[in-house]
*Asks:* 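Sharing a structure here in structure tokens format.
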Amino acid sequence: MIPDPVRPRGRVVDAKGERSSRRNRCVAFVWVALSSLLLAGTALPPLFGSPSGQSNADLTAPQGTENEGEMMRLQRILEEQGMAVSSPSPGVKLGGYVDSAFEMNFVNAPSFNQVPRFAAPTAAGGSRLARGYPLLPMRLADDGIPGGGFNLNQLKLWSEKELTAENRWDAGFRMDLMLGQDAALGVPDFLSGAGSSSSTGMGFNTSEVFLEQAYVQFQIPIGDRKLEVHVGKFAAPIGLEVLERPANFNMTYGLFFNNVEPFVLVGTQFIFRVDDCWTVRGGVTDGGFNVGRSGYPFFGMVNNSISGLSSFLLTFNLDYVSADKSFVNTYGMLYGPHGTNPPGFGTSPGMENGAYYPGAYANGDIVPGPYNSPGTYMEFNDYGIWTPSFVYRRRLQLAYELIGGFYNNAVAPAGITGLSPATETALGIFPLFPYSSGYGGPTNWMGAGIYQIYRFNPLVSLALREQWLQASGNSYLEGMIAPTNIYSATMTLRFDLADNFMVRMEARMDWGDNMMNYYAPANGIPPADVGLAGNGLVGTSSGPFFFSGLEAAYTF
């Protein structure tokens, strides 16, 4: 089936909602059976005589009282022995899904021994002929692996105690745990290179564990309305696409989700439904993207500040749903008065003392960069989904997404003072320290996307996605040589073979200015000793680059 246009961020709808109640009844039955067996085993000796030949059973006493007391005693014994069995909570729901795929990127794959050679810099300032390995920064790393192969995208497990629909005080929780290749999205929480001045947070464990969401939720009645509050770690309230692949229109993530939008934030979010059509959301979070604590790993240090100023984000959303449910729209905004930590911003290319330098390449919205500095950060997003009622059986959906943002940071002239002039010369990424005039400057980005989804019948549907993303000279598009314009076109054919089993086939093409980079570490300078995304850049390409994939997802 085509995903529900009103998809809550970070949630996957249980295709078999009645399973939770059946599971709870099973747990309750096991508990009652266990208690009855233990109670019967304890009551049998008095019926046949105690070891001393005397009976302690009072057959005239009310049996219900005795049974209740006996059950309490058994419960206490179990707890003392470390075997406590908790009573089932029918309000807690469990679920999840498995998402696997075969993916193929038609680029120079190292495993195919088709990696081209480039003139790479050496420590002495010369050059050598070295292989340059490709990186497709416009795609999520899992969707941009050179060559092809099978991939366990996600194993998702979730648990939730939902809030009551009644207008009264209530509390609950939500927890989402993700395993598999996509869990590497949470690498800032993965202790890779902690305490090292070259920490980049880039781990190569393909079976990461990512705590995507974990928050307490409660509601407060306000007149005939109610205020919902979330406190903890939750999906970032911005953007059309979500981290859960099966909930998106397409198999792969688009340009916006991967490059300029956070996945998760940590803080507090308030939700107030004004009426049946309008909902207002707002919150305060740490300034870090996709981390459990803002700032990790900022070159091995955990902090929530940039140059001594606190890094916080203010979030705001305005949601609209038409009376006939045929149109939904969400406006979202992120505002950081002192910047964010991450994203990691790079420096603009340009001329310095008569010499051209390509700039230091940004680390993106997962890993912070050395050029972050205090400044106003703002991001805007607006998307809408329309299901025309005049189309036969409402089989057509049209959607759009608009994004934009800026970061008024100013890169200090020092660059990274820990690198020696020889290292800076060998890397060729930024001019030698110091330059009194400084370099870099404000960052801005914008983009637009449109989507078309048509459901031919209950079994087959087709989804198209077209996107454009632009960034200025001082960018935070990960691994990009800015300024750049990127374009992407995606076609996805979906088969709903069962209520909880879906298969998708996808073809994608990306092209744009300097959108793929080739890297070869400088001779004699290990990349780990530098820790820069731009280390060893030896070549670029503007595409086009092609992708094809086959995905299968099962929800339980």
Side-chain angles (χ1 to χ4, degrees), residues 3-14 17 91-93 95 156 158-176 211-244 247-248 257 261-290 292 294 312-323 325 327-336 378-385 399 401 403:
D4 185 350
V6 189
R7 298 190 307 276
R9 281 200 60 92
R11 299 186 181 181
V12 175
V13 178
D14 190 355
V92 176
K93 295 183 178 181
K156 175 71 175 289
W158 62 265
S159 176
E160 182 177 23
K161 169 62 171 63
E162 293 182 332
L163 297 174
T164 179
E166 301 175 11
N167 186 18
R168 61 178 176 84
W169 287 85
D170 192 28
F173 74 94
R174 173 81 189 195
M175 185 277 292
D176 293 74
L211 183 61
E212 178 194 353
Q213 294 193 124
Y215 60 83
V216 176
Q217 56 183 352
F218 57 95
Q219 65 183 21
I220 305 170
I222 303 177
D224 60 347
R225 299 291 172 180
K226 52 189 177 182
L227 176 67
E228 184 175 335
V229 183
H230 297 172
V231 181
K233 187 176 185 180
F234 44 81
I238 192 168
L240 172 62
E241 294 185 353
V242 294
L243 188 54
E244 288 73 17
N248 292 324
F257 182 83
E261 296 173 357
F263 312 134
V264 295
L265 298 172
V266 177
T268 301
Q269 184 175 212
F270 305 90
I271 304 171
F272 182 75
R273 176 168 292 183
V274 180
D275 54 32
D276 293 337
C277 295
W278 294 94
T279 301
V280 178
R281 293 180 285 159
V284 182
T285 73
D286 277 346
F289 287 11
N290 316 318
S294 177
F312 290 99
L313 280 175
L314 303 179
T315 70
F316 174 79
N317 294 87
L318 184 63
D319 306 316
Y320 171 77
V321 181
S322 63
K325 311 298 181 184
F327 178 70
V328 299
N329 178 266
T330 291
Y331 172 78
M333 182 176 67
L334 301 178
Y335 168 60
M378 294 197 74
E379 179 158 347
F380 309 91
N381 182 285
D382 185 84
Y383 68 85
I385 305 175
E401 184 173 12
I403 67 164

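Predicted, not measured: the structure shown is a model, and the values here were computed from it.
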*Asks:* Side chains of Val92 and Phe173: does their closest heavy-atom pair fall under 4.5 Å?
*Replies:* yes
*Asks:* Looking at Cys277 and Ala323, what are the two nearest heavy atoms and their distance?
*Replies:* SG-N, 4.2 Å
*Asks:* Check Lys93 against Trp158 and note the closest heavy-atom contact, atom names and distance.
*Replies:* O-CZ3, 3.7 Å
*Asks:* Which atom pair, heavy atoms only, marks the closest approach of Pro237 to Asn317?
*Replies:* O-ND2, 2.7 Å
*Asks:* Using the salt bridge (charged side-chain N to carboxylate O under 4.0 Å, His left out) criterion, which residues pair with Arg168? Sequence neighbours excluded.
*Replies:* Glu166
*Asks:* For the side chain of Asp286 and the backbone of Gly267, is there at least one donor-acceptor N/O pair under 3.5 Å apart?
*Replies:* no
*Asks:* Rounded at 0.5 Å granularity, tell me how far CZ in Arg281 sits from CZ in Phe272.
*Replies:* 15.0 Å
*Asks:* For Trp278, what residues pass the ring pair (Phe, Tyr, Trp, His ring centres under 6.0 Å) criterion, not counting sequence neighbours?
*Replies:* Tyr320
*Asks:* More than 12 foreign heavy atoms under 6.0 Å from CG of Asp276: is that the case here?
*Replies:* no
*Asks:* Please check if any side-chain donor atom of Asp224 sits under 3.5 Å from a side-chain acceptor atom of Asn167, or the reverse.
*Replies:* no
*Asks:* Check whether Gln217 reaches the backbone of Lys161 with its side chain - one donor and one acceptor, N or O, closer than 3.5 Å.
*Replies:* yes
*Asks:* Do Leu313 and Pro262 have side chains that get closer than 4.5 Å, going by heavy atoms?
*Replies:* no
*Asks:* Do you know the tightest heavy-atom contact between Ala247 and Val242?
*Replies:* CB-CG2, 3.8 Å
*Asks:* Is a side-chain donor or acceptor of Gln219 paired with a backbone partner of Lys226 at a separation under 3.5 angstrom?
*Replies:* no
*Asks:* Can any side-chain N or O of Asn381 pair as donor or acceptor with the backbone N or O of Ile238 at less than 3.5 Å?
*Replies:* no
*Asks:* Start with the C-alpha distance between Val266 and Thr285, add both sets of side-chain angles, then the distance that settles side-chain contact (heavy atoms from CB on, under 4.5 Å), and finish with yes or no.
*Replies:* CA-CA 5 Å; Val266 177; Thr285 73; 5.8 Å; no
*Asks:* Work out which heavy atom in His230 is nearest to a heavy atom in Phe234; give both atom names and the distance.
*Replies:* O-CE2, 4.3 Å
*Asks:* Take Val280 and Leu318 through the side-chain contact (heavy atoms from CB on, under 4.5 Å) test and state the conclusion after the steps.
*Replies:* CA-CA 5 Å; Val280 178; Leu318 184 63; 3.8 Å; yes
*Asks:* Mind checking the OG1-CD spacing from Thr330 to Glu401? Nearest 0.5 Å is all I need.
*Replies:* 10.5 Å
*Asks:* Ignoring hydrogens, what is the shortest heavy-atom contact between Thr315 and Leu265? Give both atom names and the distance.
*Replies:* CG2-CD1, 4.2 Å
*Asks:* Could you tell me whether the side chain of Ser159 and the main chain of Met175 form a donor-acceptor pair under 3.5 Å?
*Replies:* no
*Asks:* Please evaluate residues Ile385 and Leu240 with respect to the criterion side-chain contact (heavy atoms from CB on, under 4.5 Å), reporting the C-alpha separation (whole Å), side-chain torsions for both, the decisive distance (0.1 Å), and the verdict.
*Replies:* CA-CA 9 Å; Ile385 305 175; Leu240 172 62; 3.8 Å; yes
*Asks:* Name all residues meeting the ring pair (Phe, Tyr, Trp, His ring centres under 6.0 Å) criterion together with Phe270; count only those two or more places apart in sequence or in a different chain, and write none if there are none.
*Replies:* none
*Asks:* For the side chain of Lys233 and the backbone of Leu211, is there at least one donor-acceptor N/O pair under 3.5 Å apart?
*Replies:* yes
*Asks:* side-chain contact (heavy atoms from CB on, under 4.5 Å), that's the test. Do Glu212 and Phe263 meet it? Break it down for me.
*Replies:* CA-CA 9 Å; Glu212 178 194 353; Phe263 312 134; over 6 Å; no
*Asks:* Would you say Thr279's side chain and Asp319's backbone share a donor-acceptor pair under 3.5 angstrom?
*Replies:* no
